[in-house]
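For reference, the structure is listed below as structure tokens.
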Amino acid sequence: MKLKIRCFSRDRLNGLLDASTSYPPMIDASRIEELRAEIGDDDLSFIVSVYLEEARSTLHQVAGGLPQPDYVRAVHFLRSGALNLGLCGIAVLAGQMERDIVDGTVIQQTLGARQLGDALDQTMAELETALA
């Protein structure tokens, strides 16, 4: 099974995160349809459920506090998995958090985990509608 990775440029991400603009949908519907065509509904549902389980576990670890290198890896995992699946909301937020951490911005891990958890909940709600 071969999955394409769709990435946003740094400028595109910054534009998406700008408070003066409206936020994009939490999912990339065209990517979801592309995955449906490539692997089918059952496999897509399975992959999404595995990502959701791993993402929740990762967020639990982040909320408990991780050394900075592990925190960066955890946020990167959330972003890259989200990009593979067309989960734009998670990818944008995690990408911004990853850049902030690398740039030295202090982000309270409990707050970061809560924000990513909220985005994950919103994304999964949109995804359930798209997969119905």
Side-chain angles (χ1 to χ4, degrees):
M1 166 180 12
K2 183 177 179 183
L3 297 178
K4 295 179 194 171
I5 299 175
R6 184 172 293 170
C7 298
F8 294 105
S9 70
R10 185 178 188 118
D11 291 337
R12 173 79 171 128
L13 282 172
N14 289 337
L16 291 173
L17 291 170
D18 186 310
S20 66
T21 63
S22 61
Y23 287 100
M26 298 301 283
I27 63 168
D28 178 349
S30 65
R31 178 64 178 145
I32 299 301
E33 288 307 313
E34 185 179 4
L35 287 168
R36 280 178 133 165
E38 287 179 11
I39 62 175
D41 287 336
D42 290 342
D43 285 343
L44 178 57
S45 293
F46 175 74
I47 290 170
V48 168
S49 68
V50 169
Y51 174 78
L52 179 59
E53 184 179 317
E54 291 294 323
R56 295 244 184 254
S57 175
T58 299
L59 290 173
H60 181 73
Q61 291 172 356
V62 168
L66 295 171
Q68 183 176 353
D70 294 338
Y71 186 29
V72 171
R73 275 191 290 278
V75 174
H76 179 80
F77 159 75
L78 292 168
R79 181 180 77 71
S80 61
L83 283 171
N84 278 321
L85 295 172
L87 310 178
C88 302
I90 303 273
V92 170
L93 180 58
Q96 182 61 55
M97 290 176 77
E98 186 178 8
R99 278 192 309 283
D100 288 347
I101 296 165
V102 169
D103 290 344
T105 302
V106 176
I107 299 173
Q108 184 184 16
Q109 290 187 38
T110 305
L111 177 60
R114 186 172 44 242
Q115 289 173 333
L116 284 166
D118 290 346
L120 186 62
D121 291 341
Q122 292 173 342
T123 299
M124 288 302 128
E126 273 192 39
L127 189 58
E128 284 179 19
T129 301
L131 293 177

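Counting begins at 1 with the first residue of the sequence.
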Original post:
Roughly how far, to the nearest 0.5 Å, is CD of Glu34 from CG of Leu44?
Top reply: 11.5 Å

**OP:** Kindly indicate, with the supporting measurements, whether the criterion side-chain contact (heavy atoms from CB on, under 4.5 Å) is fulfilled by Leu93 and Met97.
**Re:** CA-CA 6 Å; Leu93 180 58; Met97 290 176 77; 4.2 Å; yes

**OP:** List in chain and number order the residues that pass salt bridge (charged side-chain N to carboxylate O under 4.0 Å, His left out) with Arg73, two or more places apart in sequence or in another chain; answer none if no residue qualifies.
**Re:** Asp70

**OP:** Rounded to the nearest 0.5 Å, what's the gap from OG1 on Thr129 to CD1 on Ile27? Could you check?
**Re:** 8.0 Å

**OP:** Hey, could you give me the CG/OG1 distance between Leu87 and Thr123, rounded to the nearest 0.5 Å?
**Re:** 6.0 Å

Original post:
Shortest non-hydrogen contact from Tyr71 to Gly112?
Top reply: OH-CA, 4.2 Å

Original post:
Judged by atom type as modelled, is there a donor-acceptor pair below 3.5 Å linking the side chain of Arg99 to the main-chain atoms of Gly95?
Top reply: yes

Original post:
Is the backbone N or O of Asp41 less than 3.5 Å from a side-chain atom of Ser45, with the two atoms forming a donor-acceptor pair by type?
Top reply: yes

Subject >> Distance-only polar pair, side chains of Gln122 and Asp118, donor-acceptor under 3.5 Å >> reply: no

**OP:** Mind checking the CG-CD1 spacing from Asp43 to Ile47? Nearest 0.5 Å is all I need.
**Re:** 6.0 Å

**OP:** Can you measure from CE (Met124) to CG (Leu120) and round to the nearest 0.5 angstrom?
**Re:** 5.0 Å

Original post:
Taking all atoms of both residues into account, what is the closest heavy-atom pair of Leu85 and Arg31, and its distance?
Top reply: C-CG, 4.0 Å

Subject >> Point-to-point distance, once rounded to the nearest 0.5 Å, from CG of Leu52 to OG of Ser57 >> reply: 11.0 Å

**OP:** Check step by step if side-chain contact (heavy atoms from CB on, under 4.5 Å) holds for Met26 and Leu127.
**Re:** CA-CA 8 Å; Met26 298 301 283; Leu127 189 58; over 6 Å; no

What side-chain donor-acceptor pairs closer than 3.5 Å can you find for residues 58-68, not counting sequence neighbours?
residue	atom	partner	partner atom	Å
Thr58	OG1	Glu54	O	2.9
Gln68	NE2	Ile101	O	3.2

Subject >> Nearest heavy-atom neighbours spanning Ala94 and Val75 >> reply: O-CG1, 3.1 Å

Subject >> Contacts of type salt bridge (charged side-chain N to carboxylate O under 4.0 Å, His left out), residue Asp121, not counting sequence neighbours >> reply: Arg56

